[in-house]
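Encoded as structure tokens, the structure appears first; notes follow it.
In the text below, chain A, chain B and the rest are named by the order of the sequence lines, each starting its count at 1.
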Amino acid sequence: MGLFSIRRRNILPGFGLSMGYTVFYLSAIVIVPLSMIFFNTVPMGWDPFVHAVTAPRVLASYKLSFSTAFFAAVFDAVAGLLTAWVLVRYRFPGKQFLDALVDLPFALPTAVAGICFATLYSPVGWLGATLTRWNIEIINSATGIVVALVFIGFPFVVRTIQPVLEEVEQEIEEAAHCLGATRWQTFRRILLPHLFPALLTGSTLAFARGIGEYGSVIFIAGNLPMKTEIAPLMIMSKLDQFDYAGASAVALVLLLISFSMLLLLNAIQEWQQKEYR
Amino acid sequence: MLKQPTPETAPIVKKRVSDPLPIQMLLIGVMLLFFIGFIFLPLGLVFAQAFQKGWAFYLESITESYALEAVKLTLTTVAIVVPLNAFFGVTAAWAITKFNFAGKAALKTLLDLPFAVSPVIAGLIFVLLVGSRTPFGSWLGEHGIKIIFSTPGIVIATLFVTFPFVVRELIPLMEAQGRDEEEAALTLGAKGWQIFAKITLPNISWGLLYGMILCGARSIGEFGAVSVVSGHIRGQTNTIPLHVEILYSEYNFAASFAVASILVFLALLTVTLKVALEKQFQKNSFHH
């Protein structure tokens, strides 16, 4: 396979049928509906478009979505790397149970996560009561949004690093050890550079997911104008006012950013494959 | 994300150069702290809140008519979405992995597109396409077909959101399996459908099931996209997550968490099935 495969002729049947259905279904469910964003934005003209997406409230929401998704991704990178390390390298009772629970944020509906965190951190909640006494406000603040996004993005980082960490050959670490490197040096100089592309991929996935996340955030955010309104919520409120063009304009900017993240991700993965082959 | 099995290294447990015990304890401790704050406390909270008014109230909350209607709508959605996306997943994976053609990489990227789209935008695009204020939507309305603010809208938005789940599990699996078996069957005179039913389908059954479970879990839990197209009409266009939201926003926390506990059960079931299937999958791949 791979490098040595000879380009073979297609001899199996069903190409026309399967390819035709693939293109049809992809167009009907994804491409045509997505193109509606463009068709609703273009008639606006340039100036109203710029006006719509640079309104102070919209700009504040972009800034909030990006900064909270960024901080959550950074937090997830640290927590995810640590979790992957512990789950791959150490043996302790209950390990498989914890490993399985890493996927819970994937499986748990976002609305449930949202009401859980909003209740946990409310001024009378299990954690909120203590934090309020210390004057730390989580609910109705950007910090609360970060908390929700950390939960949502966590599995992305762990599940991207785990397979890479599992395949690191122990000989490399033994060699470093024999040459007199400390554990920390080995980790810092040898393992971390090796894990870095996966770490970057995982956190980019968490970041991209965080920008668009809605369900888990709106309950804890409080949705105060200019303060804790995330970008997807701006789309929602424009829709509620039947401002379809405005909603499309805000969505278009968000989409373009998400797609460039996707392209960036592909670039990272190509770089990763070149580097370690 | 199905972990690709690596048969040559997986079963051998090597003794590694390991970290000193205090470091291990420290890192495990920090991880446990994270799990407590972000996984165990929220899970515990759901049940504590759900049962705060007792068993009777809990049972009443999950069996009252609006809750049951929500469950029915969610199940209907799942029953339509999962087979459609599974059928598409198999078809697309067949086209992509069994043939060479130009633009394959681009097509694969397009298949992942819905993952890069915010759920709210996923709902918005269908309002823009078939909402009552659009030309197509008003034409449909004149013919008595209502999509947005009714079940078809919820189904189609969910189709979009869960679109990549099955196909992205199948493509790497079928790429790894190659086409030798199918081509051998062809030379022995098997027909196209025979090849698919007797060779391809048994080979991919676990991966297909895995993708369908992920697709189903997301269909049950989807909130943002469904929230845009549903219109929140009680007893008609409320899915389980939307019902949870409404109860919560009415400060009926005990009922809200009671209904949410159903979703938690389903999430835990999903995670369990996922682990079980991954084990099955690794066992199978050793036989090859």
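Only the side chain of A:Phe117 comes within contact range of chain B, with heavy atoms under 4.5 Å apart. Both the backbone and the side chain of B:Leu84 come within contact range of chain A, with heavy atoms under 4.5 Å apart. Of the two parts of A:Asn266, only the side chain, counted from C-beta on, holds a non-hydrogen atom closer than 4.5 Å to a non-hydrogen atom of chain B. Interface remark: B:Val275 contributes side-chain atoms only to the contact with chain A (heavy atom separation under 4.5 Å). There is no contact between A:Leu265 and chain B, counting heavy-atom distances below 4.5 Å. Proximity to chain A (any heavy atom under 4.5 Å) is shown, for B:Phe99, by both the backbone and the side chain. Only the side chain of B:Leu107 comes within contact range of chain A, with at least one heavy atom under 4.5 Å from a heavy atom of that chain. Within the 4.5 angstrom heavy-atom criterion, atoms from both the backbone and the side chain of A:Val30 approach chain B. Within the 4.5 angstrom heavy-atom criterion, only side-chain atoms of A:Phe154, from C-beta onward, approach chain B. Neither the backbone nor the side chain of A:Leu263 has a heavy atom closer than 4.5 Å to any heavy atom of chain B. With a 4.5 angstrom heavy-atom cutoff, B:Phe88 touches chain A via backbone and side-chain atoms both. Heavy atoms of A:Phe24 lying under 4.5 Å from chain B are absent altogether. For B:Ser261, no part sits under 4.5 Å from any heavy atom of chain A, backbone or side chain. Using a 4.5 Å cut-off between heavy atoms, B:Ala122 makes no contact with chain A at all. If you measure heavy-atom distances from A:Phe92 to chain B, the contacts under 4.5 Å come from the side chain alone. Only the side chain of A:Phe97 comes within less than 4.5 Å of a heavy atom in chain B; its backbone stays farther off. For a residue to count as touching a neighbouring chain, one of its non-hydrogen atoms must lie under 4.5 Å from one of that chain's; by this rule A:Phe259 touches chain B with the side chain only.
Contact tally against chain A (heavy-atom pairs below 4.5 Å) for B:Ile195, B:Leu129, B:Val244, B:Leu45: the top residue is B:Leu45. Between chain A and the options B:Val90, B:Leu113, B:Val127, the largest number of non-hydrogen pairs under 4.5 Å is found for B:Leu113. By number of non-hydrogen pairs under 4.5 angstrom with chain A, the leading residue of B:Gly192, B:Gly37, B:Ala92 is B:Ala92. Ranked by heavy-atom pairs under 4.5 Å with chain A, the first of B:Glu222, B:Gln49, B:Gln24, B:Lys98 is B:Gln24. Ranked by heavy-atom pairs under 4.5 Å with chain A, the first of B:Phe87, B:Phe196, B:Phe253, B:Phe163 is B:Phe163. Listed options B:Leu43, B:Val46, B:Leu186, B:Val264 were ranked by heavy-atom pairs under 4.5 angstrom with chain A; first place goes to B:Leu186.
Taking CD1 of B:Ile262 as the reference point, atom NE2 of B:His243 lies at 8.5 Å (rounded to 0.5 Å). Here the CG atom belonging to A:Leu104 is positioned 13.0 Å from the CZ atom belonging to B:Phe38, to the nearest 0.5 angstrom.
You'll find the side chain of A:Tyr25 reaches within 4.5 Å of the side chain of B:Leu159, heavy atoms only. Side-chain contact check for A:Tyr21 versus A:Leu17: every heavy-atom pair is 4.5 Å or farther apart. B:Phe35 places a side-chain heavy atom less than 4.5 Å from the side chain of A:Val102. The closest side-chain heavy-atom distance from A:Ile235 to B:Val228 is not below 4.5 Å. At least one side-chain heavy atom of B:Ile39 sits under 4.5 Å from a side-chain heavy atom of A:Pro105. A:Leu12 is listed as a side-chain neighbour of B:Arg179, based on a closest heavy-atom distance under 4.5 Å.
Side-chain contact annotation: A:Tyr121 with A:Trp126, donor-acceptor N/O pair under 3.5 Å absent. Side chain to side chain, B:Glu245 and B:Ser227 fail the donor-acceptor criterion of an N or O pair below 3.5 Å.
Salt bridge A:Glu166/A:Arg89: absent, no basic N to carboxylate O contact under 4.0 Å.
Not counting sequence neighbours, A:Lys95 has no partner by the salt bridge (Lys or Arg N to Asp or Glu O under 4.0 Å) test.
Every pair passing salt bridge (charged side-chain N to carboxylate O under 4.0 Å, His left out) that includes a residue from residues 100-116 of chain A is listed here, sequence neighbours excluded: A:Asp103-A:Arg159, A:Asp103-B:Lys274.
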